[in-house]
Number of protein chains: 2
Amino acid sequence: MNLKDLASLLGLSPTTVSRALNGYPEVSEQTRLRVFEAAAQHGYVPDPRARSLATGRAKAVGLVIPVDSRHERVNPVFGDFVAGASDTLWARGYDIMLTLTSEANEANSYRMLAARGRVDGLVIQAPLIHDWRIGVLRELGLPYVVHGRFSDEDQTYSWVDMDNRRAFRRATEHLLNLGHTRIALLNGIRGMDFAERRADGFLQALRARGLEPPPEYLCNSRMTETYGYDAATSLLRSEMPPSALLTSSVIVAMGARRAIETQGLRMGRDVSVITHDDVLTYLLNDGTPPVFTAIRSPVRDAAELAIENLLTLIEDPSAGPIQTLLEAELVPGGSSGPAPTNPPHGRTRDAYQI
Amino acid sequence: MNLKDLASLLGLSPTTVSRALNGYPEVSEQTRLRVFEAAAQHGYVPDPRARSLATGRAKAVGLVIPVDSRHERVNPVFGDFVAGASDTLWARGYDIMLTLTSEANEANSYRMLAARGRVDGLVIQAPLIHDWRIGVLRELGLPYVVHGRFSDEDQTYSWVDMDNRRAFRRATEHLLNLGHTRIALLNGIRGMDFAERRADGFLQALRARGLEPPPEYLCNSRMTETYGYDAATSLLRSEMPPSALLTSSVIVAMGARRAIETQGLRMGRDVSVITHDDVLTYLLNDGTPPVFTAIRSPVRDAAELAIENLLTLIEDPSAGPIQTLLEAELVPGGSSGPAPTNPPHGRTRDAYQI
DNA sequence: GACGCCATTCAAAGCGCTTTGGGAAAGCGA
DNA sequence: TCGCTTTCCCAAAGCGCTTTGAATGGCGTC
């Protein structure tokens, strides 16, 4: 059943039927009603391809998510991002097209290029420090919004990001105020933009108090439970065990908690943990109080804003770059407390100094 | 730059250029080369909409993922499923279109219907026991493959699923063989097809040995860490604490582990845990031996097969329903061991009987 | 009665591609 | 030279929709 069939069925021209369905005023209310009824009755749905070809609008946005080619790991934030984006998109009649790109190889430029015509705009996820995608984006000439930021990019472009630097600075200050001086950072992998900003914030806060962490206090890895466990274990067993850990995701914090408890210590008393929390639905840190003290910044909120901004750009490309900085909320939980006066393991050591 | 432009640029007709690019034999090798060069040079990429309209093939598949409307939870398996599907799809030139559907409301039928024309086939995720989507699917007339199964569906349709019943029967038998008789199941929510099958397998194995678990040994909930912790805690504190737990996902197992350790018990010695493991990249249960004894069935494998089957069906709709049953692998890990002779907590109790 | 005006409706072109059905040129055997 | 096949290329139709520009008819007005 296509437009022509429906039209001849109604004894109308395709023009009129199209107009009736699309809400143009040049059609009588009575006719419009007839058309709608017939459409519903025969289950007529306009072909999106044809419509898109005729209007030039694809009514779809593309989501470009990077896949870590070595580990075949897909960005864990992805699922919730989609969930956050989906409501708004659906409400505005947009579909979502997925493009997975692994690290730089030529096919990927093509893969992104192929999006042209199929989508009206793009959302870019998990930008790297030096992200190859930016070149393709510029060439494409499609509106796009980056979830996160390209660090080495000086030109203005649209992004939605949380203030990673500030969040980690505040979390670190929070721990400092609790008396902690030996604070380690279990960060994400190097090369991810957000990881660098977090490290920045962490260091800023420490240095403001005249502290400089030893290099082994700065860990970088893919964010897994095992990583959290291993890193925390080796830190806690080291010569100079930290009294607090700052982790980059709830899953890493879980690993850290396991390490702490395995060593017979108690989280929140012997060792404090503050984690960043993207509020992923499969890893909720809820409860009252939540298990982990956290700097919380829901991915869903970011997703909604990113989509909102993207749609604005699509509808008015001259709307100029839209940049949205989100604040993280410091949520007190059970995992942090005052620095213990006697360091664990019976060892006594001074705080590290400059 | 469109086909016509490129053609006139080359002094050829659009027909010839199209044929050259699509590998038809009626064009000289020399011309083909010229065309390819010009296309590359001018960055010409055929418009997928126009192509799709002309050929009738969308060169895209739809992924329909349910969103739990109450909890706004997106299926955690989703990310890895996409990752598994993406390689094959990309290799065959297909794009992925996402459709999120929350629980039954009329808009969703439409949402799926709108897919017509935009995709050549669908993959359905996380089927429920009584899934409203099946009606829409039949009406649509598009090829589809279900990841999982519709339990109440007697008509033949295509699916890829792991043998949940057998996997959980084997895991239970494994525990029984280790001497455990008090085994609790921390299952997913009721209404999900897989959860019912798992409970089935679990009960089959127990009943074959003349055991009948008390009702409180059968837990159902959304699979979160907190759930694992709470359920395990209350079970271990109960009058009749289990000596083994069977969990439906690694994240639940993590919660269970925390509960076990919080009570001063050791996992694998005092309480055994076997978990199902979908091998999600953000929740890896690796290591040698792995932390958890697991019945492992990678979502990625399922995804690859589902896509493979779907593409077969798309290319030959008469290929009939393709049904693929995957076996889970029982991977020994550190979380299971012989049943303790003295139950924990100093309590002595007989195994539950029929 | 002629005119203009509004409210409706329609015919036809066009979006960018594929594909059918030729058709010209070249090659070949007789 | 002719007729035939083969090779290579092309014009034009069509996919299902939107949209421009024009047509139709009813109505009030002078």
Side-chain angles (χ1 to χ4, degrees), chain A residues 1-36 38-39 42-60 93 95 113-120 141-142, chain B residues 1-36 38-39 42-60 93 95 113-120 140-142 315:
Chain A
M1 168 70 61
N2 56 23
L3 187 63
K4 215 163 80 182
D5 294 347
L6 188 67
S8 68
L9 210 101
L10 283 160
L12 289 170
S13 77
T15 309
T16 306
V17 176
S18 169
R19 294 208 141 132
L21 291 174
N22 292 314
Y24 283 81
E26 308 95 325
V27 54
S28 76
E29 235 14 78
Q30 186 195 344
T31 310
R32 189 189 306 281
L33 221 66
R34 270 182 66 217
V35 171
F36 266 105
H42 296 88
Y44 169 74
V45 180
D47 186 317
R49 296 166 301 187
R51 172 179 274 181
S52 168
L53 196 57
T55 59
R57 273 159 278 127
K59 280 293 197 171
D95 282 326
L113 279 170
R116 169 190 268 154
R118 211 156 234 203
V119 301
D120 298 318
L142 279 178
Chain B
M1 168 70 62
N2 57 21
L3 187 62
K4 215 161 81 183
D5 294 347
L6 189 65
S8 68
L9 212 100
L10 283 160
L12 289 170
S13 77
T15 310
T16 306
V17 176
S18 169
R19 295 207 139 132
L21 291 173
N22 291 313
Y24 283 82
E26 308 94 326
V27 52
S28 76
E29 236 12 78
Q30 185 196 345
T31 310
R32 188 189 306 281
L33 221 68
R34 268 182 67 217
V35 171
F36 266 105
H42 296 88
Y44 169 73
V45 179
D47 187 316
R49 298 166 300 186
R51 172 179 272 181
S52 168
L53 195 57
T55 60
R57 274 160 278 127
K59 280 293 197 168
D95 282 327
L113 278 169
R116 169 191 266 151
R118 208 154 237 201
V119 300
D120 297 317
L140 260 173
L142 278 179
E315 268 145 41

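Quantities reported herein were computed from a predicted structural model and do not represent experimental measurements. Order of the sequence lines fixes the chain letters, A, B, ..., with proteins taken first and strands second; residue numbering starts at 1 for each chain.
- Partners of A:T16 by side chain to side chain donor-acceptor pair (under 3.5 Å), not counting sequence neighbours, listed by chain and number: A:S13.
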- Task: Could you walk me through whether B:V35 and B:L10 pass the side-chain contact (heavy atoms from CB on, under 4.5 Å) test, one step at a time?
- Result: CA-CA 7 Å; B:V35 171; B:L10 283 160; 3.9 Å; yes

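- Not a single donor-acceptor pair under 3.5 Å links the side chain of B:S18 to the backbone N or O of B:P14.
- Listed here is the closest heavy atom pair of A:L21 and A:Y44: CD1-CE2, 3.6 Å.
- Looking only at distances, no side-chain donor or acceptor of B:R49 sits under 3.5 Å from a matching main-chain atom of A:P48.
- Between B:A50 and B:E29, the one whose closest nucleotide on DNA chain D sits nearer the 5' end is B:E29.
- Remark: side-chain polar atoms of B:D120 are paired, donor with acceptor, to backbone N or O of B:A58 under 3.5 angstrom.
- A side-chain donor-acceptor contact under 3.5 Å links B:R32 to the backbone of B:Y24.
- Taking the 5' to 3' direction, DNA chain C first and last meets chain A under 4.0 angstrom from a heavy atom at C:dT8 to C:dG16.
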Between protein and nucleic acid, restricted to nucleotides 19-21 of chain D and to nitrogen or oxygen atoms under 3.5 Å apart, what atom pairs and distances do you find?
unit_1: D:dT19; atom_1: OP2; unit_2: A:Y24; atom_2: OH; d: 2.6
unit_1: D:dT19; atom_1: O4; unit_2: A:T15; atom_2: OG1; d: 3.2

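- Applying the 4.0 Å criterion to OP1 and OP2 of D:dC8, one finds that B:T31 has every side-chain N and O outside that range.
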- Take A:R19 and A:T15 through the test side-chain contact (heavy atoms from CB on, under 4.5 Å) and record every step on the way to the result. CA-CA 6 Å; A:R19 294 208 141 132; A:T15 309; 4.1 Å; yes

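- Residue contacts shown for B:S52 are absent, as no nucleic acid heavy atom lies under 4.0 Å away.
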